[in-house]
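Not measured: the values here are computed from a predicted model. Computation of the quantities below employed the complete heavy-atom set of this structure, encompassing side-chain atoms and omitting hydrogens, waters and symmetry-equivalent molecules. Ligands are counted one by one from 1 in listed order, and the atoms in each one are counted from 1 as well.
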Amino acid sequence: MKYVIGIDLGTSAVKILLINQNGEVCHEVSKSYPLIQEKSGYSEQNPEEWVEKTAQGLAELVQQFQGNVDDIEGISFSGQMHGLVLLDEEHQVLRNTILWNDTRTTEQCRQINEIVGTDRLLEITKNPALEGFTLPKLLWVKQYEPEVFEKAHVFMLPKDYLRYRMTGEIHSEYSDAAGTLLLNVSKKTWSTEICELVGIKSELCPPLVESHQLVGTITSDFANWTGLSESVKVFAGGADNACGAIGSGILSEGRTLCSIGTSGVVLSYEERNDQDFQGKVHYFNHGEENAFYTMGVTLAAGYSLSWFKDTFAEKEEFEQLLQGIDQVPAGANGLLFTPYLVGERTPHADSVIRGSFIGMDASHKRRDFVRAVLEGITFSLNESIEIFRENGKTIDTIVSIGGGAKNEAWLQIQADIFNANIVKLSSEQGPGMGAAMLAAFGCGWFSSLLECANKFIEPVKTYQPVKENVAQYQKLFGIYKQVYEQTKVLNEQLQEFRK
Ligand SMILES: Nc1ncnc2c1ncn2[C@@H]1O[C@H](COP(=O)(O)OP(=O)(O)O)[C@@H](O)[C@H]1O
Ligand SMILES: O=C(CO)[C@@H](O)[C@H](O)COP(=O)(O)O
């Protein structure tokens, strides 16, 4: 039996899956790392931490593995998107990575809009300038840390840096490059036009490859560190949402995904590169060659729940915190939560807005708050679904993955709020599975990703919407949507008091 490894470099943790040729998860390791949040709106990580935790995880996985290590044939990656890793000429990291959920770059987004023009930007990159994307981060470093920027030789995305440390080879691939705001998404080339306009040397952009492309083998140092064989083939991999889509079988038109990790996304497969959502949702290259996807993003989805847990129930596990929420009625007894803890992306691209609990009552218990948090996150994702539906998409079935798909009551809440069937898969680790599938396809085990999906992906349960809950949530969603407008000015006034 042969095996592949899928490494998902998430925001909360690196998750590593060992998968056999039947698509069975044989071993699973997860190693977490913290966010560095020096100020309100800032979010960074130390790339060295990703490398160390991945190496530790792989070493643990190899130790647990009973078979012959030479039978592990391929490795590929899925990674949190947009994060800026800057390397100098010696390929040393110049500063901490500025992450996708860091919103310090509103000023740089305005500059990009002024210099490139919003229409031209949309034409080339298919996306508007948003704080989370990589180009505004590059411009922020150029403006505020010129001594760092001067030394920059190449920029990389998180999983591309990890792969570089494992192989010594520097590459980017289209699905992650699409989230930089520097890629011409239809032509699949770095945009020299944008680089020139904003004053970024195009040599900073790494060479581009396809997600399933073989980029090398692991270095002898990394092999010694982990126990892996030096001959294991390394494939480029993809953005976590592209990989989540592959790992959930979102490989044809009409298929929709909901992924609740640190962020939350609703994603839809696109065959074509010329749909027009006027930048209301992200439009990126898929990890499948020449395919695309559109996506709405809630910045603090799982993060809202983990924030609540860390703040009010630090010592408890998620399972304990979520106990009993199925006994709280839909609507959490009149308590509403908006998950804008670090600002928002879809449908409100707003780095200043912050979250709220509306309707707190003396009768509310902790579990009402927990249910309200889950419902608020799900309402936020429903705003993305609403955009898709308003643009003519039929969304009646959604595959749900990510840490959020571990809880049955939350899956039912998703069915009721989205008014769609929710499909749970045998593994909620869609991005890691997608990465492993890219390795399996790259190794030649299958003639297409779709063929691999048919073998590897196993739906285990479907949650159907309950009519009474759907009606209740439709009323509540109308109220939820008003909270943004009603709290926007208040949050602008509060901004000067933030850390
Ligand atoms: N048992 C659970 N039930 C519900 N949600 C959970 C559970 N365990 C983790 N989560 C949620 O999943 C999130 C992490 O999901 P994950 O997909 O691993 O994220 P990432 O890829 O961003 O690291 C946490 O922030 C938490 O909100
Ligand atoms: O910014 C985005 C997508 O545009 C995020 O979805 C990141 O890709 C992080 O993903 P998770 O760590 O939440 O999976």
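For ligand 1 and Gly10, the ligand atoms under 4.0 Å from any heavy atom of the residue are 21 (O), 23 (O). Atoms of ligand 1 lying under 4.0 Å from at least one heavy atom of Gly402, given by number and element, are 17 (O). Against a heavy-atom cut-off of under 4.0 Å, Thr11 is close to the following atoms of ligand 1: 20 (P), 22 (O), 23 (O). Short contacts between ligand 2 and Thr262, defined as distances under 4.0 Å to a heavy atom of the residue, involve ligand atoms 13 (O). For ligand 1, the atoms closer than 4.0 angstrom to any heavy atom of Asn407 are 3 (N), 4 (C). The Met295 neighbourhood of ligand 2 comprises atoms 3 (C), 4 (O), with distances under 4.0 Å to a heavy atom of that residue. Under a 4.0 Å criterion applied to the non-hydrogen atoms of Leu305, ligand 1 contributes the atoms 5 (N), 27 (O).
Scanning the protein heavy atoms around atom 25 (O) of ligand 1, the nearest turns out to be Gly302 O, 3.1 Å. With hydrogens left out, the protein atom closest to atom 1 (O) of ligand 2 is Arg345 NH2, 2.8 Å, a heavy atom. Distance from atom 22 (O) of ligand 1 to its nearest protein heavy atom, with residue and atom name: Thr262 OG1, 2.5 Å. The nearest heavy-atom contact from the protein to atom 12 (O) of ligand 2 is Thr11 OG1, 2.5 Å. Among protein heavy atoms, the minimum distance from atom 17 (O) of ligand 1 is reached at Gly403 N, 3.1 Å. Of all protein heavy atoms, the one lying nearest to atom 23 (O) of ligand 1 is Ser12 OG, 2.5 Å. Ser263 OG, 3.4 Å is the protein heavy atom nearest to atom 5 (C) of ligand 2. Shortest contact from atom 2 (C) of ligand 1 to any protein heavy atom: Phe318 CB, 3.5 Å. The protein heavy-atom contact nearest to atom 1 (N) of ligand 1 is Glu319 OE2, 3.1 Å. Of the protein's non-hydrogen atoms, the one nearest atom 21 (O) of ligand 1 is Lys15 NZ, 2.7 Å.
Between the Arg389 side chain and the Ile395 main chain, a donor and an acceptor come within less than 3.5 Å of each other. Put simply, the side chain of Arg345 never gets that close to the backbone of Ser351: no donor and acceptor are under 3.5 Å apart. Looking only at distances, no side-chain donor or acceptor of Ser43 sits under 3.5 Å from a matching main-chain atom of Asp102. Side-chain atoms of Thr125 do not come within 3.5 Å of backbone N or O of Asn184 as any donor-acceptor pair. Remark: the backbone N or O of Ile250 is paired with a side-chain donor or acceptor of His286 at under 3.5 angstrom. A donor-acceptor pair is defined here as one N or O able to donate and one able to accept, closer than 3.5 Å; such a pair exists between the side chain of Thr180 and the backbone of Ala177. Formation of a donor-acceptor pair under 3.5 Å by the His212 side chain with backbone atoms of Ala439 is not found in this model. In this structure, the side chain of Tyr174 does not engage the main chain of Asn285 through any donor-acceptor pair within 3.5 Å. Between the Asn382 side chain and the Ile385 main chain, no donor and acceptor come within less than 3.5 Å of each other.
Contacts between Asp240 and ligand 2, counted as non-hydrogen atom pairs separated by less than 4.0 Å, involve the side chain only. At a 4.0 Å heavy-atom cut-off, ligand 1 does not touch Ser259 at all. Under 4.0 angstrom from ligand 1, the non-hydrogen atoms of Leu322 all belong to its side chain. No part of Asn101 comes within 4.0 Å of ligand 2, judged by heavy-atom distances.
We find the OG1-NZ distance between Thr97 and Lys137 to be 10.5 Å, quoted to the nearest 0.5 Å. Met433 contributes atom CE, which lies 7.0 Å from atom CD1 of Ile457 (distance to the nearest 0.5 angstrom).
At under 3.5 Å, not a single nitrogen or oxygen of Trp100, backbone or side chain, sits near a nitrogen or oxygen of ligand 2. Between Gly261 and ligand 1, no N or O atom pair is found at a separation short of 3.5 Å.
For Glu173 and Ser175, the side-chain atoms include at least one donor-acceptor pair closer than 3.5 Å. For the residue pair Asn333 and Lys365, no side-chain donor N or O sits within less than 3.5 Å of a side-chain acceptor on the partner.
The residue from His82, Met81, Gln80 that puts a heavy atom closest to atom 4 (O) of ligand 2 is His82.
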From CA spacing to verdict: side-chain hydrogen bond (donor to acceptor under 3.5 Å, both in side chains), Glu375, Tyr473: CA-CA 9 Å; Glu375 290 179 342; Tyr473 279 132; 2.5 Å; yes
